[in-house]
Structures are given as structure tokens and as C-alpha cells.
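The structure under discussion appears below in the form of C-alpha cells.
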Amino acid sequence: MIKEYIAQLVAGSATKGLGLELPPGSVVLEKPKQQDHGDWATSLALSLAKELKRKPRDIAQKMVEAMSPDPSRVAAVEIAGPGFINFRLADEYCRRQLGKIPALGGKYGTGDRHAGKRAQVEFVSCNPTGPLTVGHGRQAAAGDALARLLESQGYRVEREYYFNDAGLQMRMLAESVLYRYRELLGGTAEFPEGHYQGEYIRDIAEACRAERGGGLGEGDLEYFKAKAVETTFADIRATLGRMGIVFDNYFNESSLYADGSIARTRQALGDKGLTYERDGALWFRATGFGAEKDRVLVRSSGEPTYRLPDIAYHVTKFERGFDLILDVFGSDHQATYPDVMAALGALGHDTSRMDVRIHQFVTLTRGGQQVKMSTRKATYVTLDELFDEVGADAARYFFLMRRMESHLDFDLDLAKKQSDENPVFYVQYAHARICSILQHAEAKDVRREKPDLGMLTAAEEMALIKHLLDYPDMVAGAAEAREPHRVPTYLQELAGIFHAFYHKHRVVTDDPKLSNARLDLCQAVRIVLANGLGLLGVGAPERM
RNA sequence: GCGCCUGUAGCUCAGUUUGGAUAGAGCGUCGGACUUCGAAUCCGCAGGCCGCCCGUUCGAGUCGGGCCAGGCGCGCCA
């Protein structure tokens, strides 16, 4: 890649011009913000100034004099400002790279950096107690986009959903159905703290009555539970399906009891001296790992807390041999994973293979007002309702637009707008517009002439080409940093540069050579837009 | 009280990983641009103590410390 080549040039010039051996990879290259500062720049001369006790510009001068860049790749090397060395790529080189994009198609932007490795991404993972809400939506979009980003870098990825259909929450769920069931039969529903009051519970109760009649009671909680789990899980899968998300595994916590994992993990932690008994409960020595207080692993009732299964579950992930174990959680789980991580480390697992990404919450805005949501009162907005209102594409795009660490302010009015105000339409529109141009060209039969990319010389064309060439680095960076939001940011820039180009230059003209060169450029833009949207799980429509 | 996250233009946010040159984008406001491939678009104007203070540095939105404000946690719930 060109970046490595320039880094090599810099390192070589430091050796030749200054007599310095720079360790490989130590050369920092950045993309200048200002266009007239070239395509790549290094501030090496500035950082060496102190050590060498020389003026930065003199150092840069010596380095540049010792450099002999390949003119087919680097057109100019300049010293600027306090001592930056700026590199300008040869237009010819950029055009050559552009020429490779159409043949690569969907592969453009992928890399083999992690080829042969296996990754697992765990996300959503909520218990089947009700419909997915907008908060889950952000996690679903993020987890799936991360999985796609990892796949783009060569990982074979398994998407996994972890849940528990046996615990306390499920009992509450079953009882909630029972209350609603009784209500249907003329009684009154009383909801103690912690039970589920959502409308969907009534539907499940109704289904139970339709299936088994009116004679059910306390003794049929298992039936109510099974019915509720079956119904809600079907709903959850359907909702995820609307986003195009399919899990490879649904991992049930109860299997950890069945196969002895829980018992083994408990034993192993005990053997390491990491547990002790107090007040009839089994405690984990979390304070040994910097936690504020120790945590209960097994209640005095004999029932484990979520922590022990969580640890056992992650042990299975390590046993399954993944090279990368990525967990995506909401910020409400922020406090739970350090214990799990500490325990896994103590059990001898290589926790550097694990990565936990925590995302912040979503708030909805409508008409400039925040939409109030409460799980307890069941006044939350479900993901399905969101999809009904703004569409799955817009929803996914909006979920991924912001850094996961930032609170997401989801503007419902904006997401619905079919205009340039709406970022997802703006990007999709660029794609559709290109498709339309390509069709137009086809109709006019201009695709006969062999393209000569040398015809692309205008500033808008070069800007577009250079941005297209940034795409693979952007994808690799987003995957490495686990930051899906870089993709929408990039796509909006690309769409913007394309629209500007489009307005300044006509693609299909009387000049067949130029037309074909521009058509190739358009095709390359289309491919990158489609690939980028693909990473987000958002459609790239041919017409809108 | 403690932990994690956040604070950048009127609004919503990039930029912080790896300190670098005049801090960017979208929306909103205002003013312009369609006989031609999609005006669902484009061009331009205006808009900034980068929450505050101190420190490190030739250089800080970026690193360190201390404050302030908001969100989420801090359970023998998950």
C-alpha cells in the first residue's frame, strides 16, 4: 500500500540524511486536514528537533534531500509550516488504483489481515420477556455491524444470542400471563413489583385461553411460561429479521447447568481460592481485582446469581477456541463485566482475546420533544413500532451514526424525511442517482469505447478518486477500533463529494472517451457506497 | 459517596486511538443555481472562551491532575 511505501521513504531518508535507524512502523503518517498540505504528511522532523538539537525545518530539509520517491507514485515532497513534510500522490497512481475497483466489486475494501481467525460476537442477549425496544435496536445494529466489519477483515464470525428462560424473570413472566388470564375470565389483574404489564402479555393470555380453555390456574405456570417464551422469541426473531439480522447460535443458560459447566466453574474458582462462604452464600473475591466489594456467586437459597453462569458461559467461549470474543452490552451492564473478566483471567484464560463494547442509551425525539419511555409502565417504544414509523434502513443507519459511547438522540421526524436533511436518504440517493446515470449510459450505448482514466483530471474528479482510495483504510480502522460509526461518517462525505462532482460535470457527453472514464468513476463510487451500506446492513437502492 | 460514559457552531454530532499546520460536517437561518445523465441535488454567507482551571510540551479539542454539569450503574435482579 501507498502508506507503507511513504513510511518506507521517510524511514529511509532518516537513515540516509540523518543517520538515524527508525524502527519499522514508528513513522507516523497522517492525512492533513487541509487539501493544500498534500495527501500524506509526517511531523517527524518536528518531533526529532529536540533530540537532535536542530531546527525542524533543517532536519526536514536533510530528509527530503535524501529521498528519491518513485515519480509514478509520489508526485511531490514538500516542506511546509514549522517542518512538516508533505507528500502529494501522483494523479496517475490514483487513477491506476481507481481502475482496480470495478473488478473488485464487493471485495473492494475487504482485507485478509485476520484471515483464518474465528470471532464470536455476542449481542442483544435479552431474555424473552417482551418485545425488543429501541435500546435493543441500537445494540442489534451495532453488534451486527461489528460482525460485518470483522468479516470484512477475514474473520469467520459467529453471532450469538445468550438468554435464560429458566430464572426469576421468567417466573415473573409466567405469573404476569396468569394475572392477565384471570383478568380475561372476569377477575382483576394485580401486578406486584417486577411483573410485566405490557399489552403483549394480554395477547399471550388470550392465546392460552384459546388453546387450553378457561380452566388454567397456579398449577399451569410452566405452560404459561412456555407459551410466553415461544411467543416473545418468535417476535424477537421476526423483529431482528426485519433488520436482516440472523444469529448463528442461541445459547441458553440452562444448558450450562445441564452439561455441568456451572459446577465445574464453581469448583475451579474454589480451587483457585477465589471464593468463600458467608451468610450461607458463596462469594467471589472481587476485591482482589480492584472491585469495591465482593460479589455473591451463589445465593443462600442455593440459586446462583447471573454472575456464575456468566463466567461459565464465557469459559465455553474460550473452550470453543475463538480468536476474538466480542461482547456488546448496554451501559446498564457496565458494572458486571469486570468481575467476569477478572474471574476468567484468574482461571487462566487469555482475556486479551476478549473485548467488551458498551453502548450508551437511546432517546427518541419527536417534534423537538423527548419521548418519555419507561419499561416498568410499558410505555417504551418497540423496535417494530420504530420500523413501522421510519423504516428499518433509516433506523439501522441512525443507530450507527454516532459513537457507541455517545448517547444517541434519535430524531424520528428527521429519520422519516425523504430529503437531503436525512443522512440515510442522502447517501442512498447518491447510489440511486448513479444507477440511473449508468442506465442512461446504457440506453445511449456509450459503453463501447475503452475507458481512458487519464481523462479524469478535474479537481472534483481527483477529490472523488482520493476519497475512494481511503475506503479500505477506513474499513480496516473501523474494524480494529470496533467503531462502526466511522462508516456512516465516511459515506456521507463520499456522497457529498459525488453530488458536488455531479453538479459540476456531465458524465454522459458527446466525448465517448471522457464519458467512459467518468462512467468508470461513477461505477467505483457506486460500489463503495453499496459496500459501505452493506457493512451497516442498510440497503443500496437502485431507485427511490 | 464511588465507578463508567458524555460535554466541540442555534440543534445533532465527527475529529481524541497515534498531540501538529487556519477545529470540520449535517440540519436550521439567509442569499443564489434546473431547456441537458434524478433539484430527494448543488453553490455561497453567517455562526466557535472545543464545559472551567491548572499542568506537561516547541505545539493541547487530543495527554495528566482538579473542578462543574448531564446520563448510566453501584442487589443474595439481569
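Numbers restart at 1 for each chain; the letters A, B, ... are given by sequence-line order, proteins then strands.
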Looking at C13(B), G71(B), U36(B), which one has an atom nearest to any side-chain atom of R506(A)?
-> U36(B)
Taking NZ from K31(A) and P from A14(B), how many angstroms apart are they, rounded to a whole number?
-> 22 Å
Indicate, with a heavy-atom threshold strictly under 4.0 Å, whether F361(A) touches base, sugar-phosphate, or nothing.
-> sugar-phosphate
Result for side chain to side chain contact (heavy atoms under 4.5 Å, CB included) between S515(A) and one of D510(A), T509(A), D520(A) points to T509(A)
Pick base, sugar-phosphate or nothing for A441(A), based on heavy-atom distances below 4.0 Å to the nucleic acid.
-> nothing
Rounded C1' spacing from C63(B) to U56(B) in Å = 8 Å
Measure distances between side-chain N and O atoms of N86(A) and base N and O atoms of A21(B), and say whether any donor-acceptor pair falls under 3.5 Å.
-> yes
Mind calculating the distance between CH2 (W40(A)) and C1' (G20(B)) to the nearest angstrom?
-> 16 Å
Classify the angle between the aromatic ring planes of Y250(A) and F163(A) as parallel (below 30°), tilted (30 to 60°) or perpendicular (above 60°).
-> perpendicular
Distance, C1' atom - from A46(B) to A9(B), rounded to whole angstrom | 11 Å
With a 6.0 Å cut-off on ring centres, are F284(A) and F289(A) close enough?
-> yes
Given G38(B), is OP1 or OP2 found less than 4.0 Å from the side-chain N or O atoms of S436(A)?
-> yes
Take atom C1' in G47(B) and the same atom in A25(B), then report the distance between them in whole Å.
-> 14 Å
Given the C1' atoms of G15(B) and A78(B), what is the spacing between them in whole Å?
-> 36 Å
Pick out which of R357(A), H359(A), H485(A) makes a side-chain hydrogen bond (donor to acceptor under 3.5 Å, both in side chains) with E405(A).
-> R357(A)
For R486(A), which contact category applies under a 4.0 Å heavy-atom criterion: base, sugar-phosphate, or nothing?
-> base
Specify the separation, in whole Å, of atom CD1 of I497(A) and atom P of C43(B).
-> 11 Å
Select base, sugar-phosphate, or nothing to describe what A291(A) touches, counting heavy atoms under 4.0 Å on all strands.
-> nothing
Heavy atoms under 4.0 Å, any strand shown: does K33(A) hit a base, just sugar-phosphate, or nothing?
-> base
The answer to which of V296(A) and C435(A) contacts RNA chain B further toward the 5' end, by nearest nucleotide, is C435(A)
With heavy atoms under 4.0 Å as the rule, sort N164(A) into base, sugar-phosphate or nothing.
-> nothing
Using whole Å, report how far OH of Y490(A) lies from C1' of G15(B).
-> 17 Å
Counting any heavy atom closer than 4.0 Å, what does E253(A) reach on the DNA or RNA strands: base, sugar-phosphate only, or nothing?
-> nothing
Check every strand shown and say whether T305(A) touches a base, only sugar-phosphate, or nothing at a heavy-atom separation below 4.0 Å.
-> sugar-phosphate
Inter-nucleotide P distance (U6(B), C13(B)), Å rounded = 13 Å
At under 4.0 Å between heavy atoms, what does S406(A) touch on the DNA or RNA strands: base, sugar-phosphate, or nothing?
-> sugar-phosphate
D58(A) CG to C58(B) C1', straight-line distance once rounded to whole Å | 15 Å
When the ring centroid of F233(A) is compared with that of Y161(A), is the distance short of 6.0 Å?
-> yes
Give Q334(A) one of three labels, base, sugar-phosphate or nothing, depending on what nucleic acid heavy atoms sit under 4.0 Å from its own.
-> base
Any strand: nucleotide that pairs with U36(B) via Watson-Crick or wobble, under 3.5 Å | none
Does the side chain of Y426(A) get closer than 4.0 angstrom to OP1 or OP2 of C42(B) through an N or O atom?
-> yes
Round to a whole Å and report the spacing from CD of Q370(A) to C1' of G71(B).
-> 10 Å
With a non-hydrogen cut-off below 4.0 angstrom, is D332(A) in contact with a base, only sugar-phosphate, or nothing?
-> base
Between C42(B) and G1(B) - P atom distance, rounded Å = 49 Å
Do the side-chain N or O atoms of K504(A) get closer than 4.0 angstrom to the phosphate oxygens (OP1, OP2) of C43(B)?
-> no
OP1 or OP2 of C76(B) sitting under 4.0 Å from any side-chain N/O of R295(A)?
-> no
To the side chain of N127(A), which of A78(B), G38(B), G75(B) is closest?
-> A78(B)
Between H499(A) and Y426(A), does the ring centroid distance fall short of 6.0 Å?
-> yes
Rounded distance in Å between the P positions of G10(B) and U18(B) = 32 Å
Do F247(A) and F123(A) have ring centroids that are under 6.0 Å from one another?
-> yes
Between the side-chain atoms of S300(A) and the base atoms of C76(B), is any donor-acceptor pair under 3.5 Å?
-> yes
Same-atom distance (C1') from G7(B) to C50(B), integer angstrom = 10 Å
Sugar-phosphate only, base, or nothing, as touched by H485(A) at under 4.0 Å among non-hydrogen atoms | sugar-phosphate
Closest listed nucleotide, where the reference is the side chain of T336(A) and the choices are C37(B), A78(B), G20(B) = A78(B)
OP1 or OP2 of A39(B) under 4.0 Å from side-chain N/O of Y502(A) = yes
